[in-house]
There are 2 protein chains.
Amino acid sequence: MTYAAALQALADPTRRAIVEKLRHGPRSVGQLAQGFRISRPAVSQHLRVLSCAGLLDVVPVGARRVYRLRPEGFAQLRVYLEDLWRDALRTFDTPVLPAPSGED
Amino acid sequence: MTYAAALQALADPTRRAIVEKLRHGPRSVGQLAQGFRISRPAVSQHLRVLSCAGLLDVVPVGARRVYRLRPEGFAQLRVYLEDLWRDALRTFDTPVLPAPSGED
DNA sequence: CGGCTGCGTAAGTCATAGCTTACGGTAAGT
DNA sequence: ACTTACCGTAAGCTATGACTTACGCAGCCG
């Protein structure tokens, strides 16, 4: 059920942009905030959401905090969508008018 | 870029519940609305969002409209997450302190 | 020990998303 | 043709979420 938070986290465009930056490797908050029009605290809040969703990891390095993608979080989401996609394929073959009387 | 709308659509719990119902096969709006506390128009609005995101198909059958999962929509999301997960695995191996001077 | 950098948190504002009721339009039944 | 079932849309309300500024706290350096 943890994919729920992950989906909600990835629904926001800014958070997806943050994830895109992290695809290239670990980044500190300052590095991530750079290039965004929004304030740094706003970025912090987004990082919090992504972390709570299990999509990010934090490593304190001196005074700064380095974030990176957390494979396990994305793995769970991946599995969920994999199953969903499979069922979508399966139900796509079933006729649209199977049982107006007999409930499926 | 179509995965953006799909992610935003799947972020809502009610819409995920609708998708869960559709995993078992095509359903009419009335059938989908049954079992939800929210009103039928609310369900219609959710169906609209899911359809616009490319996750659902509609087939008019007489006076009713039968919805079903659209495999292609989920396929695109699947691919997006697949790549993301791969990058997450890759960047997870890179050291956290690679280049304080030389930008990655 | 100050001062500075880097970051998270709190409080408040504002836009958006989800819900409701009311309505209109099409298909089927009598 | 009238009624009923089924469904989408419009308008309005409200709660949630994203953003801002202000603040506080830990690490580094003189």
Side-chain angles (χ1 to χ4, degrees), chain A residues 4-22 25-68 96-101 103-104, chain B residues 4-22 26-53 55-68 96-101 103-104:
Chain A
L7 279 172
Q8 197 168 352
L10 290 178
D12 184 80
T14 303
R15 283 195 286 265
R16 279 199 304 273
I18 290 176
V19 167
E20 287 302 319
K21 279 200 174 190
L22 288 174
R27 294 284 186 278
S28 72
V29 178
Q31 289 176 327
L32 289 173
Q34 205 168 16
F36 282 111
R37 296 191 171 184
I38 64 177
S39 66
R40 184 198 48 75
V43 174
S44 270
Q45 290 169 3
H46 283 303
L47 289 172
R48 174 160 168 65
V49 173
L50 287 167
S51 294
C52 288
L55 297 175
L56 260 51
D57 254 349
V58 203
V59 178
V61 177
R64 66 194 118 200
R65 317 192 77 211
V66 176
Y67 285 85
R68 63 176 167 185
V96 179
L97 294 171
S101 54
E103 284 297 333
D104 170 286
Chain B
L7 279 172
Q8 196 168 355
L10 289 178
D12 183 80
T14 303
R15 283 196 285 267
R16 281 198 302 273
I18 290 177
V19 167
E20 287 302 320
K21 281 200 173 190
L22 288 174
R27 294 285 187 276
S28 71
V29 178
Q31 288 176 328
L32 289 172
Q34 205 168 15
F36 282 111
R37 294 189 173 186
I38 64 177
S39 66
R40 184 198 47 75
V43 174
S44 269
Q45 289 169 5
H46 283 302
L47 289 172
R48 174 163 168 64
V49 172
L50 287 167
S51 294
C52 288
L55 297 176
L56 259 50
D57 254 351
V58 203
V59 177
V61 176
R64 60 191 123 204
R65 317 192 76 211
V66 176
Y67 286 85
R68 64 176 168 187
V96 179
L97 294 171
S101 56
E103 284 297 334
D104 171 297

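Naming: A, B, ... by sequence-line order, numbering from 1 per chain.
Contact record, A/L10 with B/L7: O-CD1, 3.8 Å, taken as the closest heavy-atom pair. The shortest heavy-atom contact between A/R16 and B/A4 is NH2-CB, 3.4 Å.
Residues that satisfy the side chain to side chain contact (heavy atoms under 4.5 Å, CB included) test with B/R48, not counting sequence neighbours, are B/C52. Residues passing the side chain to side chain donor-acceptor pair (under 3.5 Å) test with A/Q34: none are found, sequence neighbours excluded. Every residue meeting the side chain to side chain contact (heavy atoms under 4.5 Å, CB included) condition with A/A53, not counting sequence neighbours, appears here in chain and number order: A/A5, A/A9, A/L55. Scored by the side chain to side chain donor-acceptor pair (under 3.5 Å) test, B/R15 finds B/H46 as partners (sequence neighbours excluded). For A/A63, there are no side chain to side chain contact (heavy atoms under 4.5 Å, CB included) partners two or more places apart in sequence or in a different chain.
The distance between atom CD of B/Q34 and atom C1' of D/dC6, rounded to the nearest whole Å, is 13 Å. In this structure, CG of B/L56 is placed 14 Å from P of D/dC7, rounded to the nearest angstrom. Between the CZ atom of B/F36 and the C1' atom of C/dT20 there is a distance of 17 Å, given to the nearest Å. D/dA18 atom C1' lies 16 Å from atom CZ of A/R37, rounded to whole Å.
Comparing atom distances between the A/S39 side chain and each of C/dT21, D/dG17, D/dT20 picks out D/dT20 as nearest.
In the region residues 9-18 of chain B, proximity to DNA chain D at under 4.0 angstrom, judged on heavy atoms, holds for none of the residues.
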Next item on the list: Go through the steps to decide whether B/L32 and B/L22 satisfy the test side-chain contact (heavy atoms from CB on, under 4.5 Å), and finish with yes or no.
Entry: CA-CA 8 Å; B/L32 289 172; B/L22 288 174; 3.9 Å; yes
Notebook entry, point to check: Could you write nucleotides 3-13 of chain C as a row of B, S and -, 5' to 3', where a protein heavy atom under 4.0 Å of any base atom gives B, of only sugar-phosphate atoms gives S, and otherwise -?
Noted result: ---SBBBB---
